[in-house]
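Heads up, the thing below is written out as structure tokens.
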Number of protein chains: 2
Amino acid sequence: MEYIDDSAFLIAFGKNLRKHRKLKGFTQAQLAIDLRFDISQISRIERGIINTSIGNINAIANILKVDIKVLFDF
Amino acid sequence: MEYIDDSAFLIAFGKNLRKHRKLKGFTQAQLAIDLRFDISQISRIERGIINTSIGNINAIANILKVDIKVLFDF
DNA sequence: TAATATGTAGGCAAATATGCCTATATTTTA
DNA sequence: TAAAATATAGGCATATTTGCCTACATATTA
């Protein structure tokens, strides 16, 4: 198993999240509103700027109607 | 798809993490040392007290040598 | 091209996680 | 049972995330 550092992991995660958000037809703003998140958070997460919580990712998966494991499959 | 609130999710996640930690033969202390985490964090995560980051979970998966998706499979 | 929609950048205060610490409880082993 | 190992509880200072905000950049559409 290959080691992946935190920064590379967060960037890869964000890229994958963005892919699935678009596949489900959400803009960052729409997703943020449904989640009652601030819109800036979605942008920060997708760019790998911040290391968000597993609870937030679970909430995102619920709104996107995808299995949470899909968001970690990259 | 069933809605799972943050608290229930964190508790279920922690329970599953504990299961996989034990399957791999780690104590909380051993895991914390390898991760350079404080030991109290492992206990807090496994009990669902805190909502830790995806980066931390990735680091844990690396140390346990499990696919990160396994930790979200419950 | 021009207008509109979508996303990025960054400052700041408040909320939350984290590390470090001591003490206590629970579980496992001799 | 007694001792040792493992896990829980909680306080406190520091670090990080988050929401709210304004401004700017990029992409999409008329």
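Letters A, B, ... are given to chains in the order of the sequence lines, protein chains preceding strands, and every chain is numbered from 1.
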Report task. Indicate yes or no: at least one non-hydrogen side-chain atom of B/L31 is less than 4.5 angstrom from one of B/L64. Result -> yes
Report task. Heavy atoms under 4.0 Å is the rule here; annotate nucleotides 21-30 of chain D 5' to 3' with B where the base is hit, S where only the sugar-phosphate is, and - elsewhere. Result -> ----------
Report task. Ignoring hydrogens and angles, tell me if any N or O in the side chain of B/R21 forms a donor-acceptor pair with the backbone of B/F26 under 3.5 Å. Result -> yes
Query raised in the report: With the 4.5 Å side-chain cut-off for hydrophobic clustering, are A/L71 and A/L23 part of the same group?
Result: no
Query raised in the report: Below 4.5 Å, heavy atoms only, C-beta onward: do A/L35 and A/N56 meet side chain to side chain?
Result: no
**Report entry** Approximate separation, where rounding is to 0.5 Å, of B/Q41 CD and B/I60 CD1
**Finding:** 9.0 Å
Report task. Check whether B/F74 and B/V66 end up in the same hydrophobic cluster, where Ile, Leu, Val, Met, Phe, Trp and Tyr are linked by side-chain heavy atoms less than 4.5 Å apart. Result -> yes
Query raised in the report: Are any side-chain N or O atoms of A/D34 and backbone N or O atoms of A/I63, one a donor and one an acceptor, separated by less than 3.5 Å?
Result: no
Query raised in the report: What is the 5' to 3' range of DNA chain C, first to last nucleotide, that sits under 4.0 Å from any heavy atom of chain B?
Result: C/dA17 to C/dC20
Query - Distance, rounded to the nearest Å, where B/Q41 contributes CD and D/dT14 contributes C1' - result: 13 Å
**Report entry** Proximity to DNA chain C (any heavy atom under 4.0 Å), residues of residues 17-35 of chain A only
**Finding:** A/R18, A/R21, A/T27, A/Q28
Query raised in the report: B/A61 and B/I68: which non-hydrogen atoms are nearest, and at how many Å?
Result: CB-CA, 3.8 Å
Query raised in the report: Which whole-number value in Å describes the distance from A/I60 CD1 to D/dT18 C1'?
Result: 13 Å
Query raised in the report: For DNA chain D, what dot-bracket results from Watson-Crick or G-U pairs at under 3.5 Å, with [ ] for crossers and | for inter-strand partners?
Result: ||||||||||||||||||||||||||||||
Query raised in the report: Residues from residues 48-56 of chain B sitting under 4.0 Å of DNA chain C, heavy atoms only?
Result: B/I50, B/N51, B/T52, B/S53, B/N56
Report summary line: note: A/D6, atom CG; D/dT16, atom C1'; distance rounded to Å ~ 12 Å
Requested in this report: Determine, stepwise, if the pair B/K19 / B/N16 fulfils side-chain contact (heavy atoms from CB on, under 4.5 Å).
Outcome: CA-CA 5 Å; B/K19 181 179 96 176; B/N16 188 51; 3.8 Å; yes
Requested in this report: Mind checking side chain to side chain contact (heavy atoms under 4.5 Å, CB included) for A/K69 and listing every partner two or more places apart, or none if nothing turns up?
Outcome: A/D67, B/K69, B/F72, B/D73
Requested in this report: Provide the closest heavy-atom pair for A/L10 versus B/G55 in the form atom of the first, atom of the second, distance.
Outcome: CD2-N, 4.4 Å
Query raised in the report: Is the side chain of B/Q30 donor-acceptor paired with the backbone N or O of B/T27 at a distance under 3.5 Å, no angle test?
Result: yes
Query raised in the report: A/R47 versus A/R18: any side-chain heavy-atom pair under 4.5 Å?
Result: yes
Query raised in the report: Would a 4.5 Å heavy-atom cut-off, applied to side chains only, mark A/Q28 and A/E46 as touching?
Result: yes
Query raised in the report: Does the side chain of B/F13 reach to within under 4.5 Å of the side chain of A/N58, using non-hydrogen atoms?
Result: no
